[in-house]
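Worth knowing before you read on, the calculation uses all heavy atoms, side chains too, and leaves out hydrogens, waters and symmetry mates. Just so you know, these numbers come straight off a predicted model, no measurement behind them.
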Amino acid sequence: MIKDNFTLRTVRKKIIMVSKIAGIILIISYAISTQLSNDPNISALIWLAFVIPLVLAIDYLMGRFISDPISKLNQAAYHMAQLDFSSPCTIDTADEFGELSGSLNKMAESLQQAFKDLEKANEKLEQDVEQKKRLLDERKELVDNLSHEMKTPLGIIRAYAEGLQDETDEAKRQNYSEVIIAETERMGNLITTLLDLSALENGATQLHPERFDFVEFLETVAGRLLLDTPDADFELQYELPEQPVYVHTDKSRMEQVLNNLIMNAKRNVRPGGILKLLLKKHESMLNFSIYNQGLPIPQETLSKIWTKFYRDKNAKYSGSGLGLAIVAQILTMQHLTYGAANQGDGVTFYFSIPTVK
């Protein structure tokens with residue numbers, strides 16, 4: 001602990017250290033200049049001889065600690081905005097800039113690897129002219145979507161990085177750093193989700209069905225997302241079968257479906273409103289539905305909510321616009337019925353899945 005207090009592991013500590021040293025030098029130089037001559041003019045010249053090198057030294061240190069890293073981050077962000085990941089950010093320090101540089105480089109490496117994996121998977125589709133054309137269209141769409149969706153977070157990163165360079169207030173500087181890191185994480189999550197959806201759409205990812213009890217499965221997933229959450233401001237209701245009901249499907253992908261539908265309902269339920277889970281067995285089908293009390297979806301946009309990057313401009317939250325698209329893709333791959341419907345003062349999302357012995 002004592003050692004950590006004397007190491008310059010943060011930009012804040014570096015700035016404080018430089019400020020203290022500069023202050024001490026100014027005091028000492030002033031004392032020396034007044035002792036060397038009784039003439040005020042000569043003393044001022046002597047003191048000025050101390051001050052000028054001190055100002056230059058401080059300018060050099062501030063450039064090394066702040067301006068140079070900011071410039072490198074700006075350059076890396078610019079290259080990434082052009083989808084050029086061949087020029088890594090070369091900041092090798094133990095402070096926040098070093099951590100951010102490492103995060104950007106890791107994200108660039110992950111994206112490069114993801115593109116390589118996607119290329120290998122897409123090669124399987126190149127069997128005839130039509131498949132090659134579809135491949136090119138999908139690749140173009142993916143690049144266009146990535147370019148479009150990454151412009152906003154990259155723009156925020158660049159803007160806050162430039163603000164960080166000129167900001168002197170420590171609290172604001174800390175806030176800028178947190179915003180930059182949060183936008184980096186959001187961009188990474190967006191890329192991962194989009195690549196996952198693209199792999200599902202072009203057949204690069206296959207389903208792996210298994211037999212399991214869907215009732216227990218739903219209780220586990222819903223309990224994790226809805227019970228004992230600090231931000232819960234709704235009344236949870238549920239109706240589930242008392243006996244196990246078995247299905248044969250990809251368990252991990254169905255967990256994605258439930259996660260996305262439950263989180264969608266949780267985000268859109270009005271404060272103090274009802275969020276209701278329903279699971280009913282009817283003959284050989286198991287019918288799932290989730291209802292959230294809140295604003296209805298305009299009838300003309302009901303069919304659009306399953307589309308990639310569709311966002312309701314009147315929604316009270318902002319998302320990637322990919323959650324419901326992934327739900328639709330996974331359920332469509334299994335030929336399962338699904339949909340959404342307005343229910344008076346709320347919205348219900350639903351799907352049906354065959355049961356097995």
Handout entry: 4.5 Å side-chain heavy-atom contact, L279 and Y238
Key = no

Problem - Separation of L226 CG from M263 CE (nearest 0.5 Å) - result: 8.5 Å

Handout entry: More than 12 heavy atoms from other groups under 6.0 Å of CD on E216
Key = no

Practice task
Indicate if F212 and Y246 have the same hydrophobic cluster label, given that clusters are the connected sets of ILVMFWY residues with side-chain heavy-atom separations under 4.5 angstrom.
Solution key: no

Handout entry: K281 atom NZ: more than 12 heavy-atom contacts under 6.0 Å
Key = yes

Handout entry: Nearest heavy atoms of K266 and L225, plus distance in Å
Key = NZ-O, 3.1 Å

Handout entry: E210 atom CD, neighbour heavy-atom count above 12 within 6.0 Å
Key = yes

Exercise for the section: Check whether any side-chain heavy atom of L240 lies under 4.5 Å from a side-chain heavy atom of L218, and answer yes or no. Expected result: yes

Practice task
For residues V215 and L286, determine if any side-chain heavy atom of one lies less than 4.5 Å from a side-chain heavy atom of the other.
Solution key: no

Fill in the blank from the handout: Contacts of D117 meeting side-chain hydrogen bond (donor to acceptor under 3.5 Å, both in side chains) (sequence neighbours excluded), chain-then-number -> Q113

Exercise for the section: Drop me the distance from R253's CZ to L331's CG, to the nearest 0.5 angstrom. Expected result: 12.0 Å

Please set out all donor-acceptor pairs under 3.5 angstrom arising from side-chain atoms of residues 350-357, sequence neighbours excluded.
{"residue": "S352", "atom": "OG", "partner": "N287", "partner atom": "OD1", "Å": "2.6"}
{"residue": "T355", "atom": "OG1", "partner": "S284", "partner atom": "O", "Å": "3.2"}

Exercise for the section: Would you confirm whether Q293, through its side chain, and I274, through its main-chain N or O, come within 3.5 Å as a donor-acceptor pair? Expected result: yes

Problem - L258 side chain near F288 side chain, heavy-atom distance below 4.5 Å - result: yes

Problem - Side-chain heavy-atom pair F349, N260 within 4.5 angstrom cut-off - result: no

Practice task
Is it possible for you to say whether M285 and L336 belong to one hydrophobic cluster, with membership spreading through side-chain heavy-atom contacts below 4.5 Å?
Solution key: no

Problem - Note, L207 side chain near T249 side chain (heavy atom, < 4.5 Å) - result: no

Exercise for the section: State, to 0.1 Å, how close L277 and A222 come at their nearest heavy-atom pair, and which atoms those are. Expected result: CD1-CB, 3.5 Å

Fill in the blank from the handout: Nearest heavy-atom approach of D250 to Q206 is OD2-O, 4.3 Å

Completion exercise
To the nearest 0.5 Å, atom CZ of R224 lies from atom CD of E255 at 5.0 Å

Problem - Least distance between heavy atoms, K280 atom then L278 atom - result: CE-CD2, 4.0 Å

Exercise for the section: Verify side-chain contact (heavy atoms from CB on, under 4.5 Å) between F217 and D213, making sure each step is shown before the conclusion. Expected result: CA-CA 6 Å; F217 176 62; D213 175 14; over 6 Å; no

Practice task
Nearest 0.5 Å please: distance from the CG atom of N292 over to the CG atom of D345.
Solution key: 10.0 Å

Completion exercise
In this structure, NZ of K251 is separated from CZ of F214 (nearest 0.5 Å) by 10.5 Å

Handout entry: Least distance between heavy atoms, Y291 atom then G346 atom
Key = CE1-CA, 3.6 Å

Exercise for the section: For the pair L295 and N268, evaluate side-chain contact (heavy atoms from CB on, under 4.5 Å) and give the outcome as yes or no after the intermediate values. Expected result: CA-CA 8 Å; L295 293 175; N268 286 283; over 6 Å; no

Handout entry: CA sep, side-chain torsions, deciding dist, call: L236, L227, side-chain contact (heavy atoms from CB on, under 4.5 Å)
Key = CA-CA 9 Å; L236 176 61; L227 298 180; 3.6 Å; yes

Problem - T184 to S103 - nearest heavy-atom pair and separation - result: CG2-CB, 4.3 Å

Exercise for the section: Could you tell me whether the side chain of Q256 and the main chain of S252 form a donor-acceptor pair under 3.5 Å? Expected result: no

Handout entry: Worked check of salt bridge (Lys or Arg N to Asp or Glu O under 4.0 Å) between E162 and R158
Key = CA-CA 6 Å; E162 291 174 350; R158 186 168 185 176; 3.7 Å; yes

Handout entry: V327 with V221, same ILVMFWY side-chain cluster at under 4.5 Å
Key = yes

Practice task
Measure the shortest side-chain to side-chain distance between V247 and M254 over non-hydrogen atoms and say whether it is less than 4.5 angstrom.
Solution key: no

Problem - Side-chain donor or acceptor of R211 paired with backbone N/O of H248 under 3.5 Å - result: no

Practice task
Mind running side-chain contact (heavy atoms from CB on, under 4.5 Å) on L324 and L261 for me, showing each step along the way?
Solution key: CA-CA 7 Å; L324 293 180; L261 290 178; 3.9 Å; yes

Fill in the blank from the handout: To the nearest 0.5 Å, atom CD of Q299 lies from atom OG1 of T301 at 8.5 Å

